[in-house]
Amino acid sequence: MINVNRIDAVTARGAASQRSSTVTPPAASVSFESALAAAGVKLSAHAEKRLATREITLGETHISRLGQAMNRAEEKGGRNSLILMDDLAFIVDVPKRTMVTALNSAQQKEGVFTHIDSVILAK
């Protein structure tokens, strides 16, 4: 598994000053970036921040499942979708193939999701 809040891609958006001094070796960052590219998934700056602050860790399997769920949403005409995966929830912009935000079980307690047109259960 790759801890998203420690990838070098976050540095490119200026979040390095907010992170601890521990840095993941470049090979792990390349692997994470490769997994995102292979799944056709992008992260918004907001999603990167939420993954880091909520300490959500995504592995290659999670990213692959997220990409597959986006594919299914796209096939059905989804535009702004809620993807539920294990104890995580992701709001995604399907046409742009971009994760907008991420929530773990603690943030899902309110149980209200707005501005979505579809819900996908990631297998």
Side-chain angles (χ1 to χ4, degrees):
M1 291 211 152
I2 300 162
N3 192 337
V4 174
N5 63 349
R6 292 188 179 170
I7 62 171
D8 289 341
V10 175
T11 307
R13 293 234 161 85
S17 61
Q18 298 172 359
R19 296 189 299 151
S20 67
S21 60
T22 306
V23 178
T24 302
S29 297
V30 171
S31 177
F32 182 75
E33 292 297 325
S34 296
L36 284 174
V41 176
K42 299 176 212 158
L43 301 178
S44 69
H46 179 79
E48 286 180 2
K49 288 178 189 174
R50 292 298 173 254
L51 289 169
T53 59
R54 294 173 177 165
E55 298 179 357
I56 297 173
T57 302
L58 297 176
E60 290 181 46
T61 303
H62 291 105
I63 295 167
S64 175
R65 289 170 59 196
L66 187 63
Q68 292 169 4
M70 282 183 165
N71 292 341
R72 292 183 15 235
E74 186 174 41
E75 289 170 6
K76 298 294 183 179
R79 297 189 48 78
N80 296 300
S81 299
L82 168 66
I83 297 177
L84 300 173
M85 180 188 321
D86 305 330
D87 64 342
L88 301 173
F90 306 95
I91 302 292
V92 299
D93 180 327
V94 177
K96 294 181 182 176
R97 298 200 56 87
T98 302
M99 180 192 304
V100 176
T101 195
L103 302 99
N104 59 26
S105 57
Q107 284 81 42
Q108 294 177 42
K109 298 231 188 254
E110 187 175 319
V112 177
F113 297 93
T114 60
H115 304 290
I116 61 168
D117 60 25
S118 52
V119 176
I120 296 87
L121 304 176
K123 299 176 183 179

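The figures that follow rest on heavy atoms only: side chains count, while hydrogens, waters and symmetry mates do not.
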[X] side chain vs [Y] backbone, donor-acceptor pair below 3.5 Å:
{"X": "Ser44", "Y": "Met99", "answer": "yes"}
{"X": "Arg72", "Y": "Ala122", "answer": "no"}
{"X": "Asn104", "Y": "Ala106", "answer": "yes"}
{"X": "Gln107", "Y": "Ala89", "answer": "no"}
{"X": "Asp117", "Y": "Arg79", "answer": "yes"}

Would you indicate whether the side-chain heavy atoms of [Y] and [X] approach each other to under 4.5 Å?
{"X": "Leu103", "Y": "Phe113", "result": "yes"}
{"X": "Lys76", "Y": "Ile120", "result": "no"}
{"X": "Phe90", "Y": "Leu58", "result": "yes"}
{"X": "His62", "Y": "Asp86", "result": "yes"}

I need the minimum non-hydrogen distance between [X] and [Y], along with the two atoms involved.
{"X": "Asp93", "Y": "Asn80", "value": "CA-OD1, 4.2 Å"}
{"X": "Ser81", "Y": "Ala73", "value": "OG-CB, 3.7 Å"}
{"X": "Arg54", "Y": "Thr101", "value": "NH1-OG1, 4.0 Å"}
{"X": "Ile63", "Y": "Ala39", "value": "O-CB, 3.5 Å"}

State which residues pass side chain to side chain donor-acceptor pair (under 3.5 Å) with Asn71; sequence neighbours excluded, sorted by chain then number.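 Asn71 satisfies side chain to side chain donor-acceptor pair (under 3.5 Å) with Arg97 only.
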
Quick check: is [Y] connected to [X] through a chain of hydrophobic side chains (ILVMFWY, heavy atoms under 4.5 Å apart)?
{"X": "Val119", "Y": "Val92", "value": "no"}
{"X": "Leu121", "Y": "Met70", "value": "no"}
{"X": "Leu36", "Y": "Ile91", "value": "no"}
{"X": "Leu82", "Y": "Val94", "value": "no"}
{"X": "Met85", "Y": "Leu43", "value": "yes"}

